[in-house]
Amino acid sequence: MFYYGVDYYPEHWPEERWEVDANLMELAGINVARLAEFAWVKLEPKEGYYDFSWLDKAIDILSKHGIKTVLGTPTASPPMWLVKKYPQILPRDKDGNMMGPGGRRHYCYNSPEYRELSERIVTAMAEHYKDNPNVIGWQIDNELGCHESNRCYCDNCLLKFRDWLKKKYGTIENLNNSWGTIFWSQTYTDWDEVIIPRRTVGAHNPSLLLDFLRFVSDSTIEYQNLQVEILRRICPDKFITHNFMGLFGGLDYYKLAETLDFVSWDNYPKFRGKPNPARIALSHDVMRGVNRNRPFWVMEEQSGAAGWEIFGSHPLPGEIRLWAYQSIAHGADGVVYFRWRTCRFGTEEYWHGILDHDGIPRRRYEEVKKMGEELKTLTEIKDSIYKAETAIIYSYDIRWAFEIQPNNPDFSYMDQLQKYYTGLFNQHVLVDIVHPLADLSKYKLVIAPSLYLMTQEIKENLERYVKSGGTLVVTLRSGVKDWNNVVTDKTLPGELAELLGIEIEEYLSMFPDETYHIKGVGPERFNFKAICESLKSKSAEVLAFYEDGPFAGKPAVTINKFGGGEAIYVGADVDLNYIESLLFWLITRSRVNVIAMGSRDVEVTVRENSNGTFIFLLNHSDKSETIRLLIPGMIEEITLEPKDVKIIKR
Ligand code: GLA
Ligand code: ZN
């Protein structure tokens with residue numbers, strides 16, 4: 001069964017309304033609701049005194065309308081009584097100031113007291129609901145790390161950080177050598193001198209900063225897994241998920257996903273600015289990627305104008321349906337709308353749901369309902385697998401290293417990732433997002449944007465892939481540092497020099513108003529900005545030269561034969577036009593199947609299972625658009641109405 005749901009907060013509405021809501025949900029084809037993830041104070045109004053009666057009743061009413069429940073553990077919002085009794089659970093900022101209650105997520109993930117209090121409420125809920133057949137699964141907490149809440153600088157985190165470092169480095173000498181603490185006399189003579197990066201004069205050691213971000217991530221994951229362990233033990237037959245945040249970078253999502261049955265995430269295409277289909281698509285693909293390419297859920301899908309103090313534009317007619325189908329097109333097997341009805345009070349008064357404040361079903365409800373009817377005929381798609389022949393490598397450690405040292409104010413790792421992704425997206429090529437150590441053998445083309453940090457294992461993984469026939473694109477600022485965020489003493493691109501067949505003679509950071517050009521074999525010139533590198537070919541051939549600027553005449557882009565494959569290096573922050581033309585050439589050269597040609601506003605994806613191959617066509621534009629499918633046995637032109645979706649089975 002496909003799960004089609006809503007995020008529902010019965011605690012926000014009078015009990016008499018619950019039946020009305022459940023009935024409207026049923027009529028719209030809703031079959032699942034997520035409940036209770038912020039309801040701690042109503043579940044445990046006094047310490048150790050639990051009241052599940054209201055939640056039992058809500059679950060029961062929903063179930064009578066054919067709606068199952070996913071229960072959120074309520075630990076994202078510690079109640080006021082808890083904070084009063086255990087103020088030591090509150091997090092501290094960089095200045096050592098306590099962050100008080102009033103919003104949400106006001107807890108230190110490493111607090112032993114908070115961990116115990118969380119374990120108690122989770123255990124009580126698990127015991128109470130373990131035999132309730134209407135509760136099908138759990139969501140742990142809510143958006144772990146949101147609001148940067150996991151970057152806590154309290155004394156307790158300081159002690160835990162030292163333990164974490166002891167485990168990693170063994171001896172203080174090893175830590176000193178790995179971080180280069182001789183610089184500015186930062187050498188530690190004992191573990192109890194090691195600091196946490198609170199506000200300082202100047203800036204901290206980049207190796208310490210990177211390990212701190214890893215520690216923050218590990219602490220968050222450890223906190224999640226305490227809950228996972230309890231739920232697995234007490235409720236072995238219910239699934240466990242967590243709602244991730246797409247392109248959020250505050251923790252290592254590959255690791256967070258490891259203990260879960262599947263990943264779910266919160267998708268708000270029209271939150272800040274206009275929706276960008278390629279960005280939404282990348283977010284979905286990152287989520288599927290951290291979920292090891294299995295089907296995922298969207299646990300919060302936008303259904304109304306979003307915002308807290310300021311609200312954005314409502315989804316236009318067709319957009320709710322389009323975004324929900326886009327989720328499915330990228331591998332979702334469950335779509336849950338945030339939220340059923342817009343709340344009348346609290347911080348999120350203007351974060352609109354399917355129903356408005358007055359609870360009357362209107363246009364947005366009708367659209368949800370229309371899609372609910374359609375989904376009933378689409379059950380075959382469930383469990384199908386996304387079919388990509390290309391991959392982009394994405395690493396949280398590298399992202400953090402660039403957060404610490406962006407290299408140039410106009411350079412961004414995520415922007416690199418997005419640009420190369422968009423280059424493929426615009427040509428209707430499907431992409432998987434993968435870890436640097438993933439098995440790459442099934443891909444015809446792999447892109448590794450700015451592999452800033454390097455290990456022996458990553459180097460070997462890339463070499464193995466290219467040697468056995470793969471095509472690899474590596475971009476600027478790769479191979480610069482070791483995994484401890486220390487610069488290599490090798491000539492750049494360091495460990496990747498042999499694979500790429502080049503040396504970097506010089507690299508340069510440009511001013512914000514500087515743009516220069518590169519030129520390949522054709523007449524066209526292409527812009528680049530921010531950072532450029534002057535390449536020297538050892539065994540590589542040159543694909544493009546710098547045309548002007550400080551490196552005029554020097555190689556900018558190269559290709560090197562390595563074993564049975566080829567490794568391309570792009571030494572500048574080139575614009576999307578160049579990326580598209582380079583990728584167009586490489587797609588053909590590495591025989592990636594192009595599944596469609598025509599309108600760029602029509603997104604095309606493919607999912608496959610034993611029931612067949614499903615081709616999704618999504619028109620993101622306000623006009624009708626035509627696309628030509630190039631799938632063998634399916635060479636045909638298809639026209640889609642504005643914002644319309646078609647699913648074709650083969
Ligand atoms: C997130 C959270 C929700 C809600 C929405 C809107 O995705 O998970 O609880 O706060 O944003 O702000
Ligand atoms: Zn802390």
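Counting starts at 1 for both ligands and their atoms, following the listed order.
Within the listing of ligand 1, atoms 9 (O) sit less than 4.0 angstrom from a heavy atom of Phe38. Listed by atom number, the atoms of ligand 1 under 4.0 Å from Glu348 heavy atoms are 4 (C), 5 (C), 6 (C), 10 (O), 12 (O). In summary, the atoms of ligand 1 found under 4.0 Å from a heavy atom of Glu143, numbered by their order in the structure, are 1 (C), 2 (C), 7 (O), 8 (O). Taking every heavy atom of Asn142 and a limit of under 4.0 angstrom, the matching atoms of ligand 1 come to 2 (C), 8 (O), 9 (O).
For the salt bridge (Lys or Arg N to Asp or Glu O under 4.0 Å) with Asp218, the lone residue among Lys160, Lys167, Lys168, Lys255 that qualifies is Lys255.
Asp21 and Trp340 share a side-chain donor-acceptor pair at under 3.5 Å. A donor-acceptor pair shorter than 3.5 Å can be found between the side chains of Asn243 and Asn142.
Between Tyr9 and ligand 1, a contact under 3.5 Å exists for no N or O pair. Taking distance alone, with nitrogen or oxygen atoms compared against 3.5 Å, Trp351 stays at or beyond that limit from ligand 1. Polar contact check, Glu300 against ligand 1: a nitrogen or oxygen pair lies under 3.5 Å apart.
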(message) Could you go through Tyr86 and Tyr107, starting from their C-alpha distance and side-chain angles, then the distance that decides it, and tell me whether this counts as side-chain contact (heavy atoms from CB on, under 4.5 Å)?
(response) CA-CA 10 Å; Tyr86 304 96; Tyr107 68 83; over 6 Å; no
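Ligand 1 lies nowhere less than 4.0 angstrom from a heavy atom belonging to Met245.
Taking the ring centroids of Tyr109 and Tyr114, they lie at or beyond the 6.0 Å cut-off. Taking the six-membered ring for Trp and the full ring otherwise, the centers of Tyr394 and Tyr421 sit at least 6.0 Å from each other. Between Phe239 and Phe262, the distance from one ring center to the other falls under 6.0 angstrom. Ring centers of Phe212 and Tyr153: under 6.0 Å apart, within the cut-off.
Take a cut-off of 2.8 Å around the Zn ion (ligand 2): the protein N, O or S atoms inside it are Cys108 SG, Cys152 SG, Cys154 SG, Cys157 SG.
Of the possible polar contacts, one joining the Thr342 side chain to the Leu355 backbone as a donor-acceptor pair under 3.5 Å is found.
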Show the atom names and distances, to 0.1 Å, of all donor-acceptor pairs under 3.5 Å that link a side chain in residues 344-352 to residues at least two apart or in another chain.
| unit_1 | atom_1 | unit_2 | atom_2 | d |
| --- | --- | --- | --- | --- |
| Glu348 | OE2 | Trp308 | NE1 | 3.0 |
| His352 | ND1 | Ala305 | O | 3.0 |
| His352 | ND1 | Tyr350 | O | 2.9 |

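From the protein, the heavy atom lying nearest to atom 9 (O) of ligand 1 is Arg104 NH1, 3.1 Å.
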